[in-house]
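The structure appears right after this line, and notes come after that.
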2 protein chains.
Amino acid sequence: MSFKKETFQRRETAILDAATYLFGSKGYDLMTMNDVANAVGIAKPSLYKHFKSKEDLAAAALSRLIDQALAFLQTLPEDMDAYAKLKSLLTWGLQIRIDGGMPFLPSTNAPMREMLMRNQYYISRILQLNALILGFIQTAKQQKMLNSELPDEVILFNYYARSCDPTLDYLRLYSQLSPKEILNHLEKISFSGVCYVKN
Amino acid sequence: MSFKKETFQRRETAILDAATYLFGSKGYDLMTMNDVANAVGIAKPSLYKHFKSKEDLAAAALSRLIDQALAFLQTLPEDMDAYAKLKSLLTWGLQIRIDGGMPFLPSTNAPMREMLMRNQYYISRILQLNALILGFIQTAKQQKMLNSELPDEVILFNYYARSCDPTLDYLRLYSQLSPKEILNHLEKISFSGVCYVKN
DNA sequence: GTCTATAAGGAGATAGAC
DNA sequence: GTCTATCTCCTTATAGAC
């Protein structure tokens, strides 16, 4: 009984892992349910015992990622300042992508976005994350670590966009830089830009 | 004779316009040849008299965009400094997207990228643009307008990524900011980041 | 060159045996 | 719950009349 349940859970995790990887590499449209089934090593109809549709599966994979981000924030020390927390979370997200994972918001195109906005669980998670990040942004502004002339929303959406920046993919493909170097450069320009800085 | 030829050309332009718009809004995978044909008001088989495949059509639309970027650079005054040229081109690209156009490199996913890399004309155009931008970057570094500690490639790919930054879409959808304000904020953070700047 | 009609293949989703 | 086999729909691409 309990063993069967656990097997079911482990399979669901495997499905989400596969979907996350395929989602990250091929994108939602090109990721087929056959791909997922083959990657896990099960038949396609079995997928539908876990997720009632492809949309559901994608939303579940993204929701899990956000849950992991929220869990990561929990592990940061209480006394860490807001700006450092923002930097840490970005590093965490970029590291996941370097390791072949999925970007935070692959929803560049409208249909994908609409699909996600129909999923209540996903919305509740993303709103929770938004609230936390907005809090950090406001605190960091007060501490003169972020530019107060920029609206909160601009910094928020820019922050999400940095975590799924295609610059990372291009550098990995077409430059000789090591993953570590890429990570360092991206962190740096995400906050400070590319302009010359006086010493 | 010449009239017929002109009609053909005008139709081809209309096809590229429609493809560009659909490509920008729905993305390559979800844009169907039916969509394009309906948008232009012609039958689907007629499309194939102009472009032998969907891949060809997409590559042609992107190539045209790059040609327009190259043409834009030609219009800039000779004595404009490199940094200002970089800023101008970015503004140009962002303005196109604000007007509902297509991002520069929608090729976040691997299959799309591979498709483009098989198209010789596209490659020749993008290489030409790359060379120009890299030249500007090197000059701007020498003039202490860009951070010399960053490799050229990092600045180059980051530059392309900024022109297709999803932050623009999110701000347009979920903020109250006007297009003009969005444009200004994006230009600013693209070069200078979000950090606090001393006066 | 443009259309109507259709081919060929692959997608998401499901019926029913085990 | 899992599989094999299948349904239905929609895609890209083309054949052939005009």
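Nothing here was measured: the structure is a model prediction, and the numbers come from that model. Letters go in sequence order (proteins before strands), and every chain restarts at 1.
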Check: Roughly how many Å is it from NZ in A/K26 to P in C/dG10, rounded to a whole number?
Finding: 13 Å
Next item on the list: Could you tell me whether a side-chain N or O of A/D35 sits under 3.5 Å from a main-chain N or O of A/M31, the two making a donor and an acceptor?
Entry: no
Checklist line | For A/D67, side-chain hydrogen bond (donor to acceptor under 3.5 Å, both in side chains) partners two or more places apart | finding: A/Y121, A/R125
Check: Any Lys/Arg nitrogen of B/D17 or B/R64 sitting under 4.0 Å from an Asp/Glu carboxylate oxygen of the other?
Finding: yes
Checklist line | Residue pairs fulfilling ring pair (Phe, Tyr, Trp, His ring centres under 6.0 Å) with at least one residue in residues 50-97 of chain A, sequence neighbours excluded | finding: A/F8-A/H50, A/F72-A/W92, A/Y83-A/F191
Margin query: Measure CG/B/L30 against P/C/dG12 and give the value in whole Å, please.
Written below: 12 Å
Margin query: Could you walk me through whether A/D81 and A/K87 satisfy the salt bridge (Lys or Arg N to Asp or Glu O under 4.0 Å) test, starting with their C-alpha distance in whole Å, then the side-chain angles of each, then the deciding distance to 0.1 Å, before giving a yes or no?
Written below: CA-CA 10 Å; A/D81 68 55; A/K87 275 203 122 163; over 6 Å; no
Margin query: Tell me every residue that passes side-chain contact (heavy atoms from CB on, under 4.5 Å) with B/S192, counting only those two or more places apart in sequence or in another chain.
Written below: A/C195
Note to self: Which residues in residues 11-21 of chain A have a heavy atom closer than 4.0 Å to any atom of DNA chain C?
What the structure shows: none
Notebook entry, point to check: Salt bridge check: are A/R118 and A/E55 linked by an N-O gap of less than 4.0 Å?
Noted result: yes
Next item on the list: Apply side chain to side chain donor-acceptor pair (under 3.5 Å) to the pair B/Y170 and A/N158, showing each step before the final yes or no.
Entry: CA-CA 9 Å; B/Y170 282 101; A/N158 179 69; over 6 Å; no
Checklist line | Contact interval (first through last nucleotide) of DNA chain D with protein chain B, 4.0 Å heavy-atom | finding: D/dT11 to D/dA15
Next item on the list: Assess whether side chain to side chain donor-acceptor pair (under 3.5 Å) is satisfied between A/N34 and A/T32, documenting all intermediate values.
Entry: CA-CA 5 Å; A/N34 255 323; A/T32 75; 5.2 Å; no
Checklist line | Check ion pair B/D169-A/R113 (N to O, under 4.0 angstrom) | finding: no
Note to self: Can you list, in residue-number order, the parts of residues 36-51 of chain A that come under 4.0 Å of DNA chain D, counting heavy atoms only?
What the structure shows: A/I42, A/A43, A/P45, A/S46, A/K49, A/H50
